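Lettering of chains follows the sequences in order, A, B, ..., and the numbering in each one begins at 1. Just so it is clear, the model here is predicted, and its values are computed rather than measured.
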Amino acid sequence: MKILELSVQHVRGIHDIDLDPNGENLLIWGPNGAGKSAIVDAVDFLLTGEISRLTGEGTGGLSLKAHGPHIDYEPSTAAVAASVRIQGVPEPIQISRCMGSPKELVCDPAYIKKLRPALEAARQHQHILSRRELLRFITAEPSTRAEGIQELLSLSPIEKVRSALVKLRNESQRARKAEEKSVETAKLEAAAMAGADKFGEDEMLSFANKQRAVLGAPAIKALRGKELRSEIVLPKAAEGGQSINITALNTTFSYLQDLLGNDTSMSIAESDARLRLVLDSIRDDERKTDLAARHGLFRAGLPLVPETGECPLCDAVWPEGELRQRLEERIVSAEAAATELQEVDALVKEVKTTARGALSRLPKAAAALEAAGLPDDSSALRSWVTELEDLVTCLESALDKYPGDAHAPEAVARLVSKPGFADRLAEMQERAAERFPAATPEQAALEALTQLEVSLGVVEQRESDLEDARTAEAAATALHDCFVAARDSVLGALYDEICERFSMLYRELHSGDEGAFSALLEPAGAGLRLEVDFFGRGEYPPHALHSEGHQDSMGLCLYLALAEHLVGDSIELTVLDDVVMSVDSEHRRGVCNMLGKYFPDQQFLITTHDKTWMNQLRSSGLVRRKNVWEFYRWDIDTGPHVNLEPGLWDEVDERLACGDVSGASARLRRGSEQFFSFVCDSLGARVRFSLEGRYDLGDLLPAAVGRFMDLLKSAAKAAKSWEKEEEFAVLQELGTTLAQIYKRTNAERWPMNPAVHYTAWANLCREDFEPVKEAFQDLHGAFVCQKPECGAVLRVERQGVEDTAVRCKCGDVYWNLVKNRDESN
Amino acid sequence: MIEQGTGKTPWDKILGEFLARLSASDAVDDKAVVRLGELAKTGKIASYQSVKDALWPPQEAQP
C-alpha cells in the first residue's frame with residue numbers, strides 16, 4: 001500500500017491539511033512542536049484506528065477520544081482520508097476513518113479483502129518507527145527485546161506455551177518424587193514386618209521361605225505377593241480365630257522398648273543438644289545463612305568462569321580474573337557456614353532415621369491392637385504417630401522450624417512419647433498376650449506370610465504407580481523439550497536470516513568505519529540475545545561499547561530487516577519518525593544511500609527537525625523537491641504553517657521579477673554553495689582545507705568542476721578500454737558541454753568575496769544577471785540525473801580506495817570507471 | 001505475520017515442527033499428539049490445563 005493523497009482534519013495538532021506524495025517518499029521537516037508527528041499519528045490512525053503514541057507504557061489517562069482530536073474539536077469532526085494504491089489494483093482506492101467511530105474504516109467493500117494484509121501489518125505497528133522503538137530493539141534487556149521482537153513477529157504465544165509446559169514438567173517431576181518416597185515407605189513397612197532393618201529381596205525371600213518351610217511348603221524363587229501362600233496346605237492349628245500376629249506384635253514392642261531405652265535416648269539427647277547449638281550459631285548471623293545457602297552455587301560456578309572472565313550465569317563482563325577472585329573469597333567465607341550447615345544435615349538425619357524407624361512399625365501395631373479389641377492402646381500408639389510425624393516435619397526444615405513447641409530436649413530424647421510411655425508399652429504387650437496366647441509355629445508362619453503378602457502388595461502397587469509417574473514425567477519432559485527445540489530451530493533460522501540482512505544493511509551504512517561488522521541474534525532461554533562485533537575485538541551487547549548514534553543506526557537496520565522479512569510488500573509504507581537524531585551527518589548520507597539502494601519500492605514518510613538531513617534526503621534523490629514539506633510554525637487556531645519547499649530557481653526568479661538583483665544574487669550564491677558542498681561530498685572532490693570548516697563558492701565550485709572533469713576523463717578512458725565507442729563519444733561530448741557551461745558562468749571572472757554575496761553580481765542589472773543565472777542553472781543540471789523521478793546528485797561508488805563508478809540514485813546515469821585490464825596490458 | 005514465500009507464519013512453523021518432533025518421540029503416544037495438534041489449531045496450546053488433558057484425558061486412567 002502506498003499513499004497517493006492524504007487529507008487530515010482536526011487530528012492532534014493539525015487543523016486541516018492535504019498532502020499529495022503520489023506514492024513517492026514524503027519528507028516533513030521543521031522545528032520541534034510544529035506538528036510533524038501529528039501527520040505520523042494521522043497515518044497511524046487511518047490504518048489502525050489507534051494512535052500508538054496514546055497507548056502503552058506511560059500513557060495512563062490518555063485516550064483516543066479525548067486526546068486524538070485537535071484541541072476543542074469533537075471526535076466526530078476529526079478524520080483522516082487517503083487515496084491509496086495497492087498491488088494488483090490499478091485504480092486508486094479511497095479510504096477514510098473518523099475518530100467518532102475509530103473502528104470503522106470507510107471504503108468501497110469491494111476492496112476490503114485486498115486491503116486486509118496491509119491493514120493487518122499496520123495493526124502490528126510495523127509501519128512506524130520512532131526512536132523509542134529503535135531503543136526497544138537495541139538497548140533493551142534480552143527478555144524485553146525478545147518480547148518486543150516476538151510481538152513484531154506475532155510470536156507472543158511462545159512464552160505462554162513454554163510456561164505451561166514448564167509447569168507441566170515440574171509438576172510431573174514432583175509427582176514422580178512423591179511416588180519414589182511412597183515406594184520407600186512401603187518397603188520399610190514390609191521390611192519391618194519381616195523383622196528386617198531394610199528391604200532387600202534376598203532377605204525378604206529368605207524370610208518368606210522360612211515361614212513356608214514351617215508350613216511344609218516348597219521354597220519359592222521370586223518375591224511375588226501372589227506366590228507367597230501358594231502350595232500351602234493349611235494346618236488345623238492355623239485355622240480359625242487368630243486375627244493378629246502376636247509374634248510380630250511382640251517383635252514390634254521389643255523394637256519400640258529399645259528406642260525408648262537409655263542407650264538410644266542418650267544418643268538422641270546428645271545429637272539433639274548439638275543440633276540446637278549449631279542451629280543457634282547459624283541463626284545468630286543472618287549473613288551466615290545466606291552464605292551457607294549459596295555455598296554450593298559459588299563452588300559450582302567457579303570452574304565455569306571462563307578465562308575471559310564473564311559471569312557464567314548472566315554473561316556480565318568482569319575485568320579479567322576479578323570474578324574468579326571474588327568467588328574464591330566468597331567460598332572461603334562460606335566454608336565455615338557450609339560446614340555448620342552440613343553438620344545440621346547429619347544431625348537431623350540421625351534423629352529423623354530413629355523417628356522413621358518407629359513410624360514404620362507403629363501403624364501396624366496400632367491396627368493389631370485395634371483388632372485385638374484394645375482401642376485405648378491403639379489410640380495411644382496413633383497419638384504417638386502424630387507427634388512423631390510433627391517432629392519429622394520440623395526436622396525436614398530444621399533451619400526454619402526446629403525445635404517446635406512440643407520439642408523440649410527431654411521430650412525429643414524419648415522421641416516425643418508421653419513420660420513413662422515405656423511402661424505403658426509393656427502393659428499393652430501384656431494385655432495383647434492375654435487376648436492372644438502365643439500362636440503355634442504354623443499359625444505364626446501363616447500369619448507372617450499373610451501380613452507379608454499385604455505389605456508386598458502395597459510395595460508392588462506403589463512401584464506400579466511410580467512407573468506411571470515416570471512415564472508421565474517422560475511425556476511432560478518430551479513435550480517441553482520438543483517445544484523448546486522446535487522454537488530454537490525455527491526462530492534460530494529466522495533470526496539468522498534477519499541478522500544477516502541486519503548486518504549487511506549496517507555495513508552499508510557504516511562502510512567507512514565498520515565494513516567488517518557482524519552480529520549475533522539468538523534465543524537465550526526466554527530472552528533474545530543480540531551481540532554485535534566491536535571493531536573485530538569480540539562481540540558485545542550493542543549498548544556496551546557503541547555510541548548512541550551507532551545504536552540508532554543498528555535499531556534502524558534491525559527494524560528494516562525485520563519489517564522487510566515479515567511485512568514484505570503487504571504494506572509498502574514505512575514511517576521514520578525522527579529516527580536519525582543522534583546519527584552524524586556522514587552516516588546520515590549512508591542512511592539515504594541504504595534506503596535508496598535496498599528499499600527502492602518502499603514509500604517512506606520521514607519526519608525530521610534537522611535541515612542538513614533534509615538537504616541530504618533531497619540531494620540524494622530519495623525525496624523529490626515537490627514532496628518536501630516544511631512545517632515552520634504552529635499555532636492553536638491554524639495548526640502548522642506549511643511551506644512546500646520552493647526550488648532555488650523559483651526563488652531567484654521571484655526576486656528578479658521584483659527587480660531585486662541583490663537578493664537574487666545572494667540566493668543564487670547561498671543555494672550554489674549548499675548545492676556544490678553536496679556535489680563535492682558525493683564526488684569526493686578535494687576542497688582547499690579550512691580550519692573553520694567554512695567553504696564558500698570560490699572553494700567549492702572549482703573543486704567540484706575539476707573533480708567532475710577528472711571523473712569524466714576516467715570514465716571515457718574506461719569506455720575506450722572496453723571498446724565502447726558510443727559511450728566514449730557521449731562522455732567526450734559531456735566534457736565539452738560542461739566546459740562550455742562553466743565558461744558561461746564566468747566563474748573565473750567573479751571575485752571570490754567571502755561576504756554574503758558576490759558583490760559584482762549585486763551590481764549587475766537584471767538583464768546582465770539573467771544569463772549568469774541561466775548558466776548556473778545549467779551547471780547545476782550537469783551534476784544531477786535529468787530523469788524527473790530521480791533528480792539525484794551524481795555520486796562516486798568506491799571499492800576500498802578505488803573509484804569504480806559514477807551513478808545517480810535510479811541508475812539512469814552510470815559511468816564505469818574501471819578500465820579493461822587486458823587492454824591495459 | 002506471514003513469512004515471505006512460505007505462506008506460513010513462524011508460529012505455524014514452530015507448532016508444525018513441535019508436533020513432528022513429538023510424533024517421533026516414544027514418550028508421547030500418537031493419540032495424544034493428535035489431541036495436541038487440535039489444541040494448536042484452536043490456540044489452546046498455551047493453556048496448561050488443556051495440554052494436561054490432551055496428554056492424559058480425564059476419562060482415561062491417569063498415570
Check: Is it the backbone or the side chain of A:Ala493 that comes under 4.5 Å from a heavy atom of chain B, or both, or neither?
Finding: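 It is neither, since no heavy atom gets under 4.5 Å.
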Note to self: Heavy-atom pairs under 4.5 Å with chain B - which of A:Ser464, A:Ala474, A:Ala476, A:Ala485 has more of them than the others?
What the structure shows: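 It is A:Ala485.
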Check: Side chains of A:Phe483 and B:Leu22: does their closest heavy-atom pair fall under 4.5 Å?
Finding: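 No, side chains not in contact.
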Margin query: Quick one, A:Val161 and B:Leu15 - any side-chain contact, counting heavy atoms below 4.5 Å?
Written below: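 They are not in side-chain contact.
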Notebook entry, point to check: So which heavy atom on B:Val28 is nearest to which on A:Ala475, and how close?
Noted result: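 Heavy-atom minimum between the residues: CG2-O, 3.9 Å.
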Notebook entry, point to check: What's the shortest heavy-atom distance between B:Glu17 and A:Val490, and which atoms?
Noted result: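 Looking at all heavy atoms of both residues, the closest pair is OE1-CG2, 3.4 Å.
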Next item on the list: Answer with side chain, backbone, both or neither: which region of B:Leu19 has an atom nearer than 4.5 Å to a non-hydrogen atom of chain A?
Entry: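 Neither part.
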Checklist line | Chi angles and distances behind the side-chain contact (heavy atoms from CB on, under 4.5 Å) call for A:Ser489, B:Arg21 | finding: CA-CA 11 Å; A:Ser489 158; B:Arg21 282 173 185 265; 3.9 Å; yes
Item checked: side chain to side chain contact (heavy atoms under 4.5 Å, CB included) partners for A:Gln173, two or more places apart ->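 Once residues adjacent in sequence are excluded, the partners of A:Gln173 under the side chain to side chain contact (heavy atoms under 4.5 Å, CB included) criterion are A:Arg169, A:Asn170, A:Arg176, A:Glu473.
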Check: Is the closest basic N to carboxylate O distance between B:Lys52 and A:Glu171 below 4.0 Å?
Finding: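 A salt bridge links B:Lys52 with A:Glu171.
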Notebook entry, point to check: Any chance CD of A:Glu500 has more than 12 other-residue heavy atoms, nucleotides or ligands included, within less than 6.0 Å?
Noted result: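 For A:Glu500, atom CD is not crowded (no more than 12 foreign heavy atoms under 6.0 Å).
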Next item on the list: Applying side-chain contact (heavy atoms from CB on, under 4.5 Å), run through A:Leu479 and B:Phe18 and close with a yes or a no.
Entry: CA-CA 8 Å; A:Leu479 230 62; B:Phe18 168 52; 4.2 Å; yes
